[in-house]
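Working notes, structure below.
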Amino acid sequence: MATAPRSGRYSVFAIAREALRQHQGWQRAWANPQPRDRYKVVIVGAGGHGLATAYYLGKNFGITDVAVIEKGWLGGGNTGRNTTIIRSNYLQDPSAAIYNKSLQLYETLSQDLNYNIMFSPRGVIMLAQTEHEVRGYKRTSYANNLQDVATEWIEPARVKELVPIINLEGPRYPVLGGLYQPRGGTARHDAVAWGYARACSDMGMHIIQNCEVQGVETEAGQVRAVNTSKGRIGCEKLALVVAGHSSQLAEMAGFRLPIESVALQALVSEPIKPCMDVVVMANTVHGYLSQSDKGEMVIGGGTDGFNNFTQRGSWHHVEETVRALVETFPMISRLKMLRQWGGIVDMTGDRSPILSATPVGGVFVNCGWGTGGFKAIPGSGWAMAELLANGTPGPLAAEFGLNRFREGRFIDESVAAGVAH
């Protein structure tokens, strides 16, 4: 297999060198190849999870005969349509393990990929605004300590110290404390996808955009190829990593998934001066808030109350989310909205993901991350690569198989998964 030309290592010396020659020496960050007739592994979905899977297949297992195909543009799905929150303070042991692995990988990802993902460990606070939440978050804190996930319960005075703009005495729900993870934070969502894509291309993998899957070809219960808008592509193994469209791809392959797709919306305000250097999630009033490096207030809330595939967002949901947050952060009532968007999330009954083999031989699925997909990208890719390479799940993915729904072995994260989800 011919390898793609390397894009070159980014460094201060490379910047200085290119400055002296009018920046004529930069190469494309990733190649734009035509698909071959066959690959060992085809990954459907060139978002963060799909690209991370390809990257760790190459890095950890030496498998580079890989095509990552995407019906639109790279990172144009949920990877570029989220609020960039990274944390690992989940209640159940399997969840804490995979999310903490992801957080650990995020902490050195810029160095690993030689690409600045703008990781910012500014800390994440999940507010408790009812006595029920106080008990729940204290329980999570105790569980996290047993899981070696560094979190702590903090009292209202400490919340106010970390978030000066917060109103502790809300008209409906006063702040009673919070679950604080200092290592949590944010990263640049586009940069995560671009960094993985660049590294995969440098290994010789093919990233093929504008290549929509139109069918999955099987023979005697084994995958043989995918039929796409760019022709038939044969494969030994097929990974479906397409978030909200997972059920549609699974139907093409001949099986069903226990998921539903709904829209999750977010918005950003006009840029303002720095006023908040921590991420705050408020479950009771259904909203969360952080400030971007450009000064925008990044705002998100709960999912739509009905199944849909829209990516446009809706005004009534924006109104509900902002109204709820204004109670806790009165200053944002004076801001103008800059833009809004929606993403299609795939929800399981227990609000935990699926990383699993399927009833079709050689077909594997990575889906069901719901509203927590961005924070899981490196850990998900690590675990999925191990599953694809070996055919059986490693310790990170073992509990997230499809069989858990048949066996009633749920991993209930309906509270820890986030806000109103």
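Position 1 is the first residue of the sequence, and the numbers go up from there.
- Side-chain contact between Glu399 and Gln92 is absent, with no heavy-atom pair separated by less than 4.5 Å.
- Side-chain contact check for Ile354 versus Arg404: some heavy-atom pair is nearer than 4.5 Å.
- Looking only at atom types and distance, the side chain of Tyr180 has no donor-acceptor partner in the side chain of Tyr137 under 3.5 Å away.
- Residues Phe374 and Ile85 form no side-chain contact, since every pair of their non-hydrogen atoms from C-beta on lies 4.5 Å or further apart.
- Of the options Glu133, His132, Gln129, a side chain to side chain donor-acceptor pair (under 3.5 Å) to Thr284 is made by Glu133 and by none of the others.
- Of the possible polar contacts, one joining the Asp350 side chain to the Ser352 backbone as a donor-acceptor pair under 3.5 Å is found.
- In this structure, CG on Leu105 lies 7.5 Å from CG on Asp112, to the nearest 0.5 angstrom.
- Residue Pro121 comes nearest to Arg183 through the heavy atom pair CB-O, 3.9 Å, listed as atom of the first residue, atom of the second, then distance.
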**Prompt:** Could you walk me through whether Trp30 and Tyr196 pass the ring-ring contact (aromatic ring centres under 6.0 Å, His included) check?
**Reply:** CA-CA 10 Å; Trp30 56 85; Tyr196 275 125; over 10 Å; no

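- Between the side chain of Thr321 and the backbone N or O of Gly300 there is no donor-acceptor pair closer than 3.5 Å.
- Of all the heavy atoms in Leu113 and Ala199, the pair that sits closest is CD2-CB, 4.0 Å.
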Worksheet entry | Steps toward side-chain contact (heavy atoms from CB on, under 4.5 Å) verdict (Gln340, Gln265) | CA-CA 7 Å; Gln340 69 174 128; Gln265 300 173 43; 4.1 Å; yes

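- For Glu131, there are no salt bridge (charged side-chain N to carboxylate O under 4.0 Å, His left out) partners at least two apart in sequence or on another chain.
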Exercise. Dump the intermediate steps for side-chain hydrogen bond (donor to acceptor under 3.5 Å, both in side chains) on Asn167 and Glu327, then the final yes or no.
Key: CA-CA 7 Å; Asn167 174 26; Glu327 297 179 8; over 6 Å; no

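- Atom OG1 of Thr53 is separated from atom CG of Asn366 by 5.5 Å, given to the nearest 0.5 angstrom.
- Interatomic distance, Leu289 CG to Met276 CE, rounded to the nearest 0.5 Å: 4.0 Å.
- Without hydrogens or angle criteria, Ser269 side chain to Met297 main chain gives a donor-acceptor distance under 3.5 Å.
- Here the closest heavy-atom approach between residue Gly185 and residue Val124 is recorded as N-CG2, 3.6 Å.
- Ion pairing between Arg158 and Glu155 fails under the 4.0 Å rule for side-chain N and carboxylate O.
- In this structure, the side chain of Asn145 does not engage the main chain of Tyr142 through any donor-acceptor pair within 3.5 Å.
- For Lys40, the NZ atom counts as loosely surrounded, since its 6.0 Å shell holds 12 or fewer non-hydrogen atoms of other residues, nucleotides or ligands.
- Put simply, the side chain of Asn114 gets close to the backbone of Tyr10: a donor and an acceptor are under 3.5 Å apart.
- Of the possible donor and acceptor atoms, one in the side chain of Ser356 sits under 3.5 Å from a partner among the backbone N and O of Leu402.
- Atom CG of Leu355 and atom CG of Leu387 lie 7.0 Å apart (nearest 0.5 Å).
- Asp293 pairs by the side-chain contact (heavy atoms from CB on, under 4.5 Å) definition with Met118, Arg122, not counting sequence neighbours.
- Residues Glu386 and Pro395 are in side-chain contact: their nearest non-hydrogen atoms beyond the backbone lie under 4.5 Å apart.
- Enclosure of atom CD in Glu407 by more than 12 non-hydrogen atoms of other residues, nucleotides or ligands within 6.0 angstrom is indicated.
- Taken from CG in Leu103 to OG in Ser88, the straight-line distance is 4.5 Å, to the nearest 0.5 Å.
- Counting non-hydrogen atoms of other residues, nucleotides and ligands closer than 6.0 Å to CD of Glu18 gives a total above 12.
- Although no hydrogens or angles enter the test, the distance criterion places a donor-acceptor pair under 3.5 Å between the side chain of Asn82 and the main chain of Asn78.
- Residues passing the side-chain contact (heavy atoms from CB on, under 4.5 Å) test with Ser290 are Val279, Val298, sequence neighbours excluded.
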I'd like to know whether Cys235 forms a side-chain contact (heavy atoms from CB on, under 4.5 Å) with Val223, so could you lay out the CA-CA distance, the side-chain angles of the two residues, the decisive distance to 0.1 Å, and finally the verdict. CA-CA 7 Å; Cys235 60; Val223 67; 4.2 Å; yes

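- Contact record, Lys375 with Ile86: CB-CA, 3.7 Å, taken as the closest heavy-atom pair.
- Pro378 places none of its side-chain heavy atoms less than 4.5 Å from the side chain of Tyr55.
- Between the side chain of Thr358 and the main chain of Val360, a donor-acceptor pair closer than 3.5 Å is present.
- Using modelled atom types, one side-chain atom of Gln147 and one backbone atom of Leu91 make a donor-acceptor pair closer than 3.5 Å.
- Partner Tyr99 forms a ring pair (Phe, Tyr, Trp, His ring centres under 6.0 Å) with one of Tyr90, Tyr106, Phe400 and no other, that one being Tyr90.
- Between atom CG of residue Leu240 and atom NE2 of residue His245 there is a gap of 13.0 Å, rounded to the nearest 0.5 Å.
- Smallest separation of non-hydrogen atoms from Arg339 and Glu296: NH1-OE2, 3.3 Å.
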Q. Between Thr151 and Thr140, does a side-chain contact (heavy atoms from CB on, under 4.5 Å) hold up when you go through it step by step?
A. CA-CA 9 Å; Thr151 64; Thr140 301; 5.8 Å; no

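- Judged purely by atom type and a 3.5 angstrom limit, Asn144 has no side-chain atom pairing as donor or acceptor with the backbone of Val149.
- Counting only heavy atoms from C-beta outward, the side chains of Ile15 and Val12 never approach each other to under 4.5 Å.
- Residues Asn32 and Gln209 bring no donor and acceptor atom of their side chains to less than 3.5 Å of each other.
- Contact detail for Ile166 and Phe329: the closest heavy-atom pair is CG1-CE2, 4.0 Å.
- Within the 4.5 Å cutoff, the side chain of Leu127 has heavy atoms near those of the Val280 side chain.
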- Task: Show your reasoning for whether side-chain contact (heavy atoms from CB on, under 4.5 Å) applies to His49 and Ile377.
- Result: CA-CA 5 Å; His49 289 257; Ile377 284 173; 3.7 Å; yes

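- Contact annotation: the side chain of Val242 never approaches that of Gln248 to less than 4.5 Å [non-hydrogen atoms, C-beta and beyond].
- Counting heavy atoms of neighbouring residues, nucleotides and ligands inside a 6.0 Å radius, atom CZ of Arg409 exceeds 12 of them.
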